[in-house]
Amino acid sequence: MPPGTLRFDESTGLAPAIIQDADTGQVLMLGYVNAEAWAKTLQEGRVTFFSRSKNRLWTKGESSGNFLTVVSTHIDCDADTVLIRALPAGPTCHRGTVSCFVQANEAVAPSAPIGFLASLERLIAERHRFPERAPTSYTVSLFNKGIAKIAQKVGEEAVETVIDAVAGSHGTLPGEVADLLYHLLVLLEASGVTTSQVMDVLQERHRLPNTRHLSEL
């Protein structure tokens, strides 16, 4: 079997596929693929499973419109499981939740803190592109005021953050940093820049020989 080839179970002809949100890192669902579903996923760039209940190929979102657009695929060390990083077009679970791993007593599925920033960025982008969905939203009001006002708010929050940090106000500093991060995300969206682009710059600087390595920062 060539390296990087997914191996399917000899008895069922299936392999488990873990779906992860490419932006937030959140695990969205677990499904199964056979050789045909796997080939269709790679060819079309949308996740297709083999439905054991329907006994047929099933493209996620074929009825709901909540497709999973493939960003990258990663076969595990035993070549019998695949991780698919994807961008969801809507709720992944049939219950209407973002992830199938949200329980009844949980507001959101477990995810890393950096994943929440990506979720927040996605929400801010939605407010920008579809203001009619939440016309009274504070975020929408910022976009309505224009980029100069948003930039002013970033400056104000940055000053308040610096003041708290210098004063040693540890109790209020997290709140000021949260305000700064939020308004900075709004500014990036208004400027047409994504956090992924910012991360790309940081990663590129990390690789360049004439810049400080992260271990030296």
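Side-chain N or O atoms of Thr97 include none that pairs as donor or acceptor with a backbone N or O of Cys93 at under 3.5 Å. Between the side chain of Thr92 and the backbone N or O of Val98, at least one donor-acceptor pair lies under 3.5 Å.
Within a 6.0 Å sphere centred on CD of Glu62, heavy atoms belonging to other residues, nucleotides or ligands number more than 12. Within 6.0 Å of atom CD in Glu132, more than 12 heavy atoms from other residues, nucleotides or ligands are found, so the atom counts as buried in its surroundings.
Pairing each heavy atom of Val33 with each of Ala17, the nearest pair is CG1-CB, 4.2 Å. The two residues Val27 and Phe101 have their closest heavy-atom pair at CG1-CE1, 3.5 Å. Nearest heavy atoms, Pro91 versus Asn66: O-ND2, 3.3 Å. Nearest heavy atoms, Gly65 versus Ala89: O-CB, 3.7 Å. Minimum interatomic distance between Arg7 and Ala15 (heavy atoms only, all atoms of both residues): O-CB, 3.8 Å. Considering all non-hydrogen atoms of both residues, Val193 and Val198 come closest at CG1-CG2, 4.4 Å.
Inter-residue side-chain proximity for Asp76 and Leu83 is flagged as unmet; no heavy-atom pair is nearer than 4.5 Å. With a 4.5 Å cut-off on side-chain heavy atoms, Leu68 and Met29 count as touching. Pro88 places a side-chain heavy atom less than 4.5 Å from the side chain of Asp21. The closest side-chain heavy-atom distance from Asp80 to Asp9 is not below 4.5 Å. Using a 4.5 Å heavy-atom threshold, the side chains of Glu157 and Tyr182 count as separate. In this structure, the side chains of Lys60 and Arg46 stay at 4.5 Å or more apart for every pair of heavy atoms.
Side-chain contact check for Ser72 and Arg85: at least one donor-acceptor pair (N or O, by modelled atom type) lies under 3.5 Å. Using a 3.5 Å distance cut-off with no hydrogens or angles, the side chains of Thr195 and Glu121 do pair a donor with an acceptor.
Note on Tyr32: it clusters hydrophobically with Phe50, by side-chain heavy-atom contacts below 4.5 Å among ILVMFWY residues. Under a hydrophobic clustering in which Ile, Leu, Val, Met, Phe, Trp and Tyr are joined whenever their side-chain heavy atoms come within less than 4.5 Å, directly or via other members, Ile19 and Ile75 fall into the same cluster. Clustering ILVMFWY residues whenever any of their side-chain heavy atoms sit less than 4.5 angstrom apart, transitively, puts Phe49 in the very cluster that holds Phe8. By the criterion of side-chain heavy atoms lying less than 4.5 angstrom apart, applied directly or through intervening Ile, Leu, Val, Met, Phe, Trp or Tyr residues, Ile18 is grouped together with Leu14 in one hydrophobic cluster. Taken together through direct or relayed side-chain contacts under 4.5 Å among Ile, Leu, Val, Met, Phe, Trp and Tyr, Leu57 and Leu30 form part of one hydrophobic cluster.
With rounding to the nearest 0.5 angstrom, the NE2 atom of His128 is 11.0 Å from the CG atom of Leu142. One finds the CG atom of Leu185 at 10.5 Å from the CG atom of Leu123 (value rounded to the nearest 0.5 Å). The NZ atom of Lys40 sits 14.5 Å away from atom CH2 of Trp38, with the distance rounded to the nearest 0.5 Å. One distance of note links CG of Asp78 with CG of Leu6; it measures 11.5 Å at 0.5 Å rounding. The distance from the OG1 atom of Thr48 to the CG atom of Leu42 is 10.0 Å, given to the nearest 0.5 Å. In this structure, NZ in Lys153 is found 13.5 Å from CG in Leu184, a value given to the nearest 0.5 Å.
The residue from Thr161, Leu181, Ile163 that alone fulfils the side chain to side chain contact (heavy atoms under 4.5 Å, CB included) condition with Glu176 is Thr161. The residue from Arg205, Glu204, Gln197, Met199 that alone fulfils the side chain to side chain contact (heavy atoms under 4.5 Å, CB included) condition with Val201 is Arg205. Only one option out of Ile147, Val154, Ile124 pairs with Val186 in a side chain to side chain contact (heavy atoms under 4.5 Å, CB included); it is Ile124.
Pairs of residues two or more places apart, or lying in two chains, never qualify as ring-ring contact (aromatic ring centres under 6.0 Å, His included) while including a residue from residues 64-93.
The aromatic rings of His183 and Tyr138 lie perpendicular to each other, with more than 60° between the two planes, well past the 30° mark.
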Passes side-chain contact (heavy atoms from CB on, under 4.5 Å), Ile84 versus Val70? Steps please.
CA-CA 7 Å; Ile84 302 177; Val70 177; 4.1 Å; yes
